[in-house]
Structure formats: C-alpha cells, structure tokens
> 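This is the structure I want to talk about, given as structure tokens.
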Amino acid sequence: MQENIKNEFLAAKRRLFDKVYGEFLNPEQRRAVFTTEGPVLVLAGAGSGKTTVLVNRIAYIIKYGNAYFSDNLPEGVDADTVEALSAAYQLPPEEISEILPQFIEHSCPPWQVLAFTFTNKAAGEIKDRLLTTFEDSAVASSIWAGTFHSVCLRILRKYGERLGYKPGFSIYDTDDQKRMVIDCMKALDIDEKRLAPKAVLAAISSAKDKLQHPDDMDVGSDPRGRDIRAIYNLYEQEMMRNNAVDFDDIIMRTVELLQDEDDIREYYQRKFKYVLVDEYQDTNYAQFVLTALLSDGTRNIMVVGDDDQSIYRFRGATVENILNFDKTYPEATVIKLEQNYRSTANILGAANAVIANNSDRHNKSLWCDKGDGERILVKEAFDQNDEGRYIIEKITKWVIEEKRRYSDFAVLYRVNALGRSLQTTFAKSGIPYRIVGDMGFYDRKEVKDMIAYLSVVASTGDNLRLKRILNEPKRKIGKATEEAVEQLAQMNGLSMYALMERAAEFPALEKSKEKLLSFVALIEDVRGNAGLPSEMIKYVFERSGYHQMLVAEGREGETKTEHVMELVSAALEYEKRMEESEEEPTLMGFLEEVFLISDVDKYDDTADAVVLMTVHAAKGLEFPVVFLAGMEDGIFPSEQNRMEEAEMSEERRLCYVAITRAKERLIVTYAKSRMMYGRTVWGRLSSFIREEVPDRFKEEDRPRREPPRQYGGYQRAQYRGGSSVSREFSRPPEINTAGSAKKSGPSGYGVEKLPVGARVRHATFGDGVILSSKDMGGDVLYEVRFDSGVTKRLMATFAKLQKI
DNA sequence: GGGCGTACACTTTTT
DNA sequence: GTGTACGCCC
C-alpha cells in the first residue's frame with residue numbers, strides 16, 4: 001500500500017468522523033470525544049453539553065476504539081462508513097471495502113469501559129443511549145457504568161472474602177452506623193453527653209474518606225480526639241464482626257483490596273482500557289485514589305467536572321482533585337467547555353454574578369448565544385403559605401396560557417424542611433407533583449424491621465440487625481436475655497445467631513432457650529423457603545407474627561402494613577426490572593438497591609408532574625422553569641455556614657447550581673415571615689440575590705393584602721384573586737397515563753381494575769383519586785392521591801379500594 | 001419483661 | 001412540632 005494513499009484514507013476517515021460528530025458537537029466537544037488516549041481533564045461549565053460528550057465518547061470508544069488518532073480503521077466497518085469514505089475519496093465502495101481491513105484497529109469491547117456517574121439514574125441514561133446507538137442490549141449491559149458505590153460494591157461482592165468478609169455481608173446506613181457508634185461508646189464507657197455520637201460518626205466518616213484507619217489519625221494529645229480514635233477502633237472491629245460495611249467502607253475497602261492484592265489490581269487494570277469519571281469536582285480522596293488505581297493500566301482516564309459546582313465538601317469532596325489533575329497527570333489534555341446551551345443570557349448572567357464573588361476558583365465564564373430571555377422574577381411573599389400559593393398560581397397560569405406540561409416546572413430549595421411545608425400547599429392545589437428526598441419509606445420502622453429480617457437471613461453474622469428484630473414482634477426475649485447472648489457470643493467468638501443455635505449448651509440460657517431456638521427456627525424456615533425477594537418479604541411478614549402484631553394495633557397498624565406492602569411492590573418492581581435485563585433477581589441484589597438507590601434515582605421524569613427537591617438533589621438536572629423558594633438570609637445561605645469563608649463559598653456554588661438548572665425562566669421567592677420548627681422567623685431576601693445587578697430582575701407586586709397584626713391568634717389567611725385560581729385547582733389533575741395503560745383487564749383477584757382518574761374510597765385515608773395503576777404479579781399497584789393531600793401507593797388486594 | 005409517661009433533641013446538604 | 005430514649009412502675 002502506498003504511503004500517500006494511506007494518508008489520504010486517514011484524512012478521509014477523520015473528515016468522516018468530524019462530519020458524523022460535527023453535526024451536533026462543537027469543536028471543543030469533538031476534541032473531548034476523540035481524545036481517547038491518555039489522561040483528559042474536561043472542565044465543563046453548567047449546561048455545556050457534558051452529558052452529550054460523555055455518552056458520545058463512550059459510544060465512539062466502543063465503536064471505533066482509538067481509530068481517530070491511530071493509523072487504522074476499526075473492525076466491522078459498516079456500510080455507512082464505506083459509503084461515506086467512498087464519497088469522500090471518490091472511490092467505488094468495493095475498492096474501499098477491499099483496502100479498509102489493512103487499516104483495522106480493534107474497536108473496544110464494552111466491558112473494557114468503566115464510567116463513574118454521580119447517580120444511578122445517569123448511569124441508566126448512558127446505558128439507554130448505548131442501547132439506541134447499538135441496538136444491542138449486550139453492549140449496554142456489559143459496560144460498567146454506575147456510581148462509585150455500586151461499582152465498588154460489585155468488586156467487593158466478588159473479592160470481599162480476601163478482606164475477611166463473608167458472602168452476603170450487610171450494608172449499614174447512617175442509622176445503623178449511629179447505633180453502632182452508640183454501642184461502641186457504651187462499651188468504652190464514654191458519655192454520650194460529653195461526646196455526641198453524631199460528631200464521632202462524622203469524624204469516622206471523614207477519616208475513611210481520607211483512607212485513614214484509627215492509627216493514621218493525627219489526634220495528638222487531644223482527649224476528645226483520642227476518644228474518637230478509640231471508638232473508631234472498636235467500630236472497625238465490630239463492623240467486621242457483624243460482617244457489615246458502611247457507605248464509606250464500600251469505597252475505602254475496595255481501594256485497600258486493589259492496593260494490597262496484586263492479582264486483583266492487575267486484573268482490573270488489564271480489564272479497564274478506558275475510565276471515565278463524571279462530576280469529578282465532587283469526588284473525595286478515597287475516590288481519587290480509586291480512579292487512579294483502576295485506570296493505571298492504560299492511563300486512559302477522562303474526568304469531567306466543574307469546580308464551580310462542587311457542593312459536597314461536607315461529605316469529604318475536595319476540589320483539589322480537579323484543580324490538581326494536571327499535576328497528577330502532567331501529560332493530561334485539558335479541554336474547556338464554556339458554551340452554555342441550556343439557559344438564557346439573563347439566567348446565565350445571574351449565575352455568573354453569584355459565582356464571581358468566590359475568590360477560590362478557576363476563572364472561567366460561561367457564555368451563550370441565546371437571547372436575554374425573560375427577566376428573573378423576584379417575589380416577596382408574606383409567609384410560606386403565600387409563597388406556596390404564588391408558585392401554584394404561576395404554574396397553573398403557565399400551564400393554561402403557555403400550554404406547558406407540569407413536568408416543565410421544578411421547585412428547588414436549600415433544606416428539606418421547606419419541601420415539607422410547600423408540600424401541604426401543593427397537596428391542596430390538585431396539581432400533580434412529586435417530592436424528592438422526603439423521608440422515604442425505607443426510613444420507617446416497620447420497613448427497616450423487614451429489611452433487618454432479610455439481612456439476618458442473608459447474613460447471620462449481622463448482630464446489629466438481629467438485635468433489632470429479636471424481640472420485634474414481642475417474643476418475650478428481653479434485654480437480659482439479649483445481653484446474655486451477646487456476652488456469651490463474644491466470649492466464644494461466635495455471632496449471636498450462631499450462639500443462639502447452640503442455646504441448649506449454655507446453662508445461662510436455660511430459661512430462654514426455647515424462645516431463642518424458635519427464633520432460629522423462624523430464620524431457617526425463611527431461608528428454606530427462599531424464593532423471590534417479594535415473596536420472602538411477604539413470608540417473613542406473616543411467619544414472624546409481624547403482620548399479626550400490626551393487625552392488633554388497629555388503624556395505625558393498617559398504615560404500617562401498607563408501608564410493608566410498598567416494600568413488596570418495590571421488590572416486585574426490582575424483579576420485573578431484572579427480568580427485563582435478563583438478570584437473576586436475588587435478595588442481595590434487592591437489598592443493595594434499597595441502600596444504594598437514592599431518591600433522585602427513583603424520581604420518574606416521564607410523569608407529568610411538578611417536582612420538588614433540594615438543590616443538591618437537582619444537580620445534573622435541568623428544567624424549563626425553575627422556582628427557587630425560600631431565598632432568605634439564614635436559609636440560603638444557611639445560617640450555619642455564614643461565618644466561615646470556605647463554607648460561604650460552597651453556599652455560593654450551591655446557589656450557582658440552583659440558578660443554572662433553569663433553561664427559560666427563573667423565579668426567586670422568599671417569605672417575610674416563615675414558620676419553621678414551630679417558630680416564626682422574619683427574613684429578608686438572600687444576600688446572593690441582593691448582590692446582583694438589579695436590572696436583571698423584575699419584582700413582582702407585593703401581595704395585596706393586609707399583613708396580620710399579631711401571631712398566634714386565629715388568622716385565616718386569605719388570598720385575593722384566589723377565587724378564579726381555586727376553580728382551576730379543582731380540575732382533576734392531569735397525569736401522564738401513557739406508561740400505565742398497557743395491560744388492563746381483570747387483575748386475577750376478582751376485583752375490577754379501576755381506571756386512572758377514578759374516585760375511590762379507602763377505609764383509613766378517605767376519598768381520593770387514582771393517579772396511576774400498574775399490573776404487578778397478578779395484583780395491581782395503584783397510586784392514589786387522597787383529598788387529605790397524601791399520595792399513597794397501594795396494592796389492590798390490601799387497600800380494598802371502593803369506587804365511588 | 002413490658003408498657004407508659006416524660007424529657008429532650010432535632011433540622012443543612014447525601015451515598 | 002415530632003420522634004425517640006430512658007426511666008419508672010406494674
């Protein structure tokens with residue numbers, strides 16, 4: 001082959017790639033997609049098409065390997081490529097096909113690509129895009145894409161035994177960790193009053209983020225620090241004894257595994273040819289080490305981030321990772337994406353102005369070629385109810401006048417407490433809405449108890465969860481027995497469960513051995529009847545007597561039963577998903593989801609509903625219209641963070657993230673008086689907004705209403721002009737039913753399946769309207785909004801809904 | 001061993 | 001305003 005022909009081919013090839021990607025990528029984005037080899041740092045401003053780059057880069061890598069830079073062409077060149085090359089070089093296709101194989105380089109198998117995303121949802125989106133690109137489910141399912149926690153857990157499940165974990169080890173959430181810390185403090189005789197368990201937990205967590213063991217902590221002669229170190233020490237031992245990992249362990253232990261076990265490290269370094277990390281500004285030290293270890297086979301690591309959007313400092317994230325990337329990787333290519341495709345100039349200007357007040361940042365400035373757009377609305381509300389009503393009024397108005405969907409709107413706020421108060425107003429309005437990050441049902445006692453049962457079935461070494469359910473429901477196994485078992489277990493080097501199995505051998509347990517053995521029999525019974533997770537939950541619920549206990553509780557117990565049934569529905573949904581992706585549904589898999597799937601992951605963006613969430617939860621999302629509620633000094637920026645410079649910077653970045661979520665319209669609201677935690681506080685507009693250029697804003701009229709003269713008394717809030725609004729509110733909510741209208745018909749329980757929109761009556765919750773229905777394992781899962789304002793997901797068999 | 005009462009802590013953001 | 005923890009009494 002002559003050299004010049006080859007070169008011409010290569011040029012033609014590059015033109016082809018540029019043409020294919022050039023249609024929707026700007027030159028910098030294209031560079032980020034094509035620079036597959038070596039370390040790459042992409043500084044991507046808000047809305048600069050970072051996700052597009054990430055997805056296209058992955059698709060490109062899988063399809064063409066490093067074909068852009070190599071002197072070769074990929075294997076399996078498709079007809080399109082041949083045709084395009086043929087057109088570009090003016091040669092007949094047959095000739096192209098004939099010569100092409102000589103330039104072939106391997107394309108990259110999908111399982112050699114590892115992508116860390118910030119949410120499971122983002123990982124899912126990458127897989128979806130790959131599915132549409134390749135139309136091959138094997139490609140999407142064999143790529144490793146997920147959060148740090150899910151990727152690490154996958155590794156730990158495979159090799160955890162090297163670290164001393166037994167199969168089926170438990171995952172402890174913050175709640176479990178706190179119990180653990182309290183237990184350790186008791187054992188060490190450290191007074192909770194003197195040292196708050198919460199502070200200890202925070203110290204342990206931050207040590208783990210820095211990969212520090214107790215001995216690595218620098219505590220000097222500080223008695224407090226020494227106590228913390230002692231607690232941490234015991235905590236680590238106890239975690240091992242319980243065969244459990246906490247969220248920080250999931251990362252830290254994986255790093256240790258890779259550092260200490262040469263064969264495992266080498267295996268993964270050979271396996272992963274390309275590593276990508278999204279939201280790099282929010283990684284902590286442990287995660288930094290992890291990504292470095294996993295990508296060191298090829299050093300093909302690409303990180304994407306924006307130092308202005310670093311909002312997880314409180315959880316150990318360090319901007320240094322992104323600021324020092326080019327020091328760690330001197331050969332790194334640095335690419336800046338500064339064009340914003342999301343927002344109008346007014347919105348962007350406001351965002352730039354807020355962030356400009358931070359001194360500790362890379363200087364960069366976003367620009368866009370969209371017009372100014374509308375001015376930003378600032379609304380002073382009288383109190384939080386007024387604020388809520390204003391938001392609802394606007395949404396209703398725009399839905400009607402501008403034919404917008406409810407899902408075009410998002411309401412963002414600094415603290416969850418604000419979401420709760422807005423929720424009451426939304427509930428009354430009839431507008432369909434979702435709230436992200438509200439106390440989920442996984443936090444409820446009855447649900448946690450069920451999970452504890454399942455955890456013990458999966459891993460009998462889990463003493464903490466065993467203690468939780470040992471006497472729940474009541475089995476006459478009291479504190480004294482529990483302590484005796486715990487002590488004997490410790491003395492004999494056994495788990496509590498293992499000791500209970502041998503209760504008969506210990507004279508001290510003479511009185512309680514029957515009860516203990518029957519508890520063991522219960523767990524064994526469940527294990528013996530292990531089936532699908534959903535079935536196991538139902539089985540445990542009945543066999544343990546938990547259901548009976550709730551029935552005896554009456555009305556309150558009924559609600560709790562429904563919560564357990566929601567857990568069953570979640571398990572059914574999990575099983576369905578596994579079936580779709582042809583994976584095995586397992587108890588372990590389900591438990592992992594319960595712990596690792598965040599609230600944002602669960603939020604369904606196809607539903608036509610307004611979404612309410614914290615600014616943290618909104619990271620990475622975008623909406624045509626954004627309401628930023630509760631913009632008062634003391635709330636945003638948070639009172640706690642107003643003193644320290646570094647924390648104030650983080651508040652500003654958070655505000656920057658909030659503003660840049662908006663595409664077309666931003667409305668800032670604040671309340672002059674706000675009830676929070678049972679107290680009324682007076683507030684004024686956030687300094688972040690006051691610092692702004694005034695002509696970017698348009699102030700709304702103040703409420704035409706006399707403020708009440710005093711508090712405490714009965715002061716019925718009235719809202720002028722409300723009559724026309726409330727008429728609109730009373731329309732039945734419009735919700736997208738496209739996804740749920742698949743299979744209707746009898747549900748197999750002899751109960752007629754109720755249509756979406758039907759009015760129903762429930763014994764406990766009263767009257768309501770069906771928002772959606774889903775067939776589920778022979779049963780039907782309804783989502784019902786009751787007139788009281790609550791939205792519940794109910795299984796038809798249990799809810800006994802009556803059509804009215 | 002269990003149930004009931006009172007006190008008090010808790011609200012920043014999350015995997 | 002709300003949930004949990006602990007202590008006291010049966």
Side-chain angles (χ1 to χ4, degrees), chain A residues 116-123 146-153 171-179 182 186 192-193 196-198 201-202 205 208-209 245-252 279 282-284 286-287 310-317 412-421 424 436-440 442-445 470-483 511-512 515 592-602 613-619 630 634-642 647 650-651 653-655 657-658 674-681:
Chain A
F116 287 108
T117 56
F118 203 70
T119 59
N120 292 292
K121 208 179 159 113
T147 61
F148 277 97
H149 288 88
S150 56
V151 168
C152 287
L153 197 62
I171 300 165
Y172 281 3
D173 64 12
T174 317
D175 208 57
D176 299 317
Q177 289 185 69
K178 211 174 144 203
R179 276 166 201 267
I182 290 171
K186 280 194 181 128
E192 280 180 45
K193 299 247 162 25
K198 227 183 129 185
L201 196 54
S205 179
K208 289 187 180 183
D209 288 342
V245 296
D246 62 30
F247 289 131
D248 305 308
D249 285 330
I250 293 175
I251 315 288
M252 181 179 182
E279 307 283 5
D282 282 322
T283 52
N284 59 37
Q287 290 165 337
S310 169
I311 55 174
Y312 282 98
R313 207 179 77 99
F314 71 93
R315 137 181 140 181
L412 309 182
Y413 36 81
R414 177 68 178 81
V415 289
N416 273 313
L418 255 91
R420 260 167 264 142
S421 82
T424 47
V436 174
D438 193 27
M439 187 173 97
Y442 294 117
D443 294 327
R444 296 191 170 115
K445 186 184 178 303
L470 191 56
N471 201 29
E472 197 72 46
K474 302 282 173 273
R475 316 189 159 83
K476 296 188 185 287
I477 303 176
K479 215 173 155 192
T481 310
E482 183 193 300
E483 273 170 19
K511 272 191 176 167
S512 51
K515 297 167 224 157
E592 260 158 46
E593 285 213 356
V594 168
F595 288 103
L596 260 38
I597 300 269
S598 71
D599 292 303
V600 216
D601 293 328
K602 281 181 281 186
M613 63 181 126
T614 62
V615 181
H616 279 93
K619 190 170 91 153
I635 294 180
F636 202 168
S638 166
E639 191 57 48
Q640 283 94 324
N641 290 347
R642 294 190 65 182
E647 290 182 324
E650 177 130 325
E651 292 284 315
R653 291 193 294 267
L654 193 59
C655 185
V657 168
R674 186 180 295 280
M675 259 267 262
M676 266 183 120
Y677 318 132
R679 249 224 289 260
T680 303
V681 286

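Naming convention: chains lettered A, B, ... in sequence-line order (proteins, then strands); numbering from 1 in each chain.
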> Can you work out whether A/Lys178 or A/Asp248 has the more 5'-proximal nearest nucleotide on DNA chain B?
A/Lys178

> Within the side chain of A/Asn471, is there an N or O that forms a donor-acceptor pair under 3.5 Å with the backbone of A/Gly478?
no

> Which pair of heavy atoms, one from A/Phe595 and one from A/Asp173, lies closest together, and at what distance?
CE2-OD2, 3.9 Å

> Quick one: A/Asp176 CG to B/dT15 C1', roughly how many Å, whole number?
14 Å

> Is there a stack between A/Phe314 and B/dT13, judged by ring centres under 5.5 Å and planes under 30°?
yes

> Can you measure A/Gln287 atom CD to B/dT14 atom C1' for me and round it to whole angstrom units?
12 Å

> Send over the distance from A/Met675 CE to C/dG1 P, rounded to a whole Å.
7 Å

> Rounded off to whole Å, could you give me the CD1-to-C1' distance for the A/Ile635 and B/dT13 pair?
14 Å

> Let me know the distance between CD of A/Gln177 and P of B/dT14, rounded to the nearest Å.
16 Å

> Determine whether more than 12 heavy atoms belonging to other residues, nucleotides or ligands lie under 6.0 Å from atom NZ of A/Lys476.
no

> Just compare B/dT15, B/dG1, B/dT14 and give me whichever is closest to any side-chain atom of A/Ala480.
B/dG1

> What integer distance in Å separates A/Lys121:NZ from B/dT15:C1'?
17 Å

> Under 4.0 Å between a side-chain N/O of A/Asn416 and OP1 or OP2 of B/dT14, yes or no?
yes

> Rounded to the nearest Å, what distance is computed from the NZ atom of residue A/Lys208 to the C1' atom of nucleotide B/dT15?
14 Å

> The side chain of A/Ala617 is closest to which nucleotide in this list: B/dT14, B/dT13, C/dC6?
B/dT14

> Is there side-chain contact between A/Asp601 and A/Thr147, with heavy atoms separated by less than 4.5 Å?
no

> Report the residue (A/Asp601 or A/Ser512) whose heavy-atom-nearest nucleotide on DNA chain B is the more 5′ of the two.
A/Ser512

> Does A/Phe595 reach a base, just sugar-phosphate, or nothing at all? Heavy atoms under 4.0 Å.
nothing

> Report the residues that fulfil side chain to side chain contact (heavy atoms under 4.5 Å, CB included) with A/Ser310, sequence neighbours left out, ordered by chain and then residue number.
A/Gln281, A/Asp282, A/Val319, A/Arg653

> Between A/Ser150 and B/dT15, is there a side-chain N or O to OP1/OP2 distance below 4.0 Å?
no

> Between the main-chain N or O of A/Lys515 and the side-chain N or O of A/Ser512, is there a donor-acceptor pair closer than 3.5 Å?
no

> Would you indicate what A/Lys198 reaches in the nucleic acid, counting non-hydrogen atoms under 4.0 angstrom: base, sugar-phosphate, or nothing?
sugar-phosphate

> Rounded to whole Å, please give me the gap between CD in A/Glu472 and P in C/dT4.
12 Å

> Before you tell me yes or no, could you show the steps for A/Tyr312 and A/Asn284 under side chain to side chain contact (heavy atoms under 4.5 Å, CB included), namely the whole-Å CA-CA distance, both residues' side-chain angles and the distance that decides it to 0.1 Å?
CA-CA 9 Å; A/Tyr312 282 98; A/Asn284 59 37; over 6 Å; no

> Quick check: any donor-acceptor pair below 3.5 Å linking the side-chain of A/Arg315 to the base of B/dT13?
no

> Is a salt bridge present between A/Arg315 and A/Asp209, judged by a nitrogen-to-oxygen distance below 4.0 Å?
no

> What does the list of N/O pairs under 3.5 Å between the protein and nucleotides 2-7 of chain B look like, with a distance for each?
residue	atom	partner	partner atom	Å
B/dG2	OP1	A/Lys476	N	3.2
B/dG2	OP2	A/Asn471	ND2	2.9

> Give one of base, sugar-phosphate or nothing for A/Thr174, where a contact means two heavy atoms less than 4.0 Å apart.
base

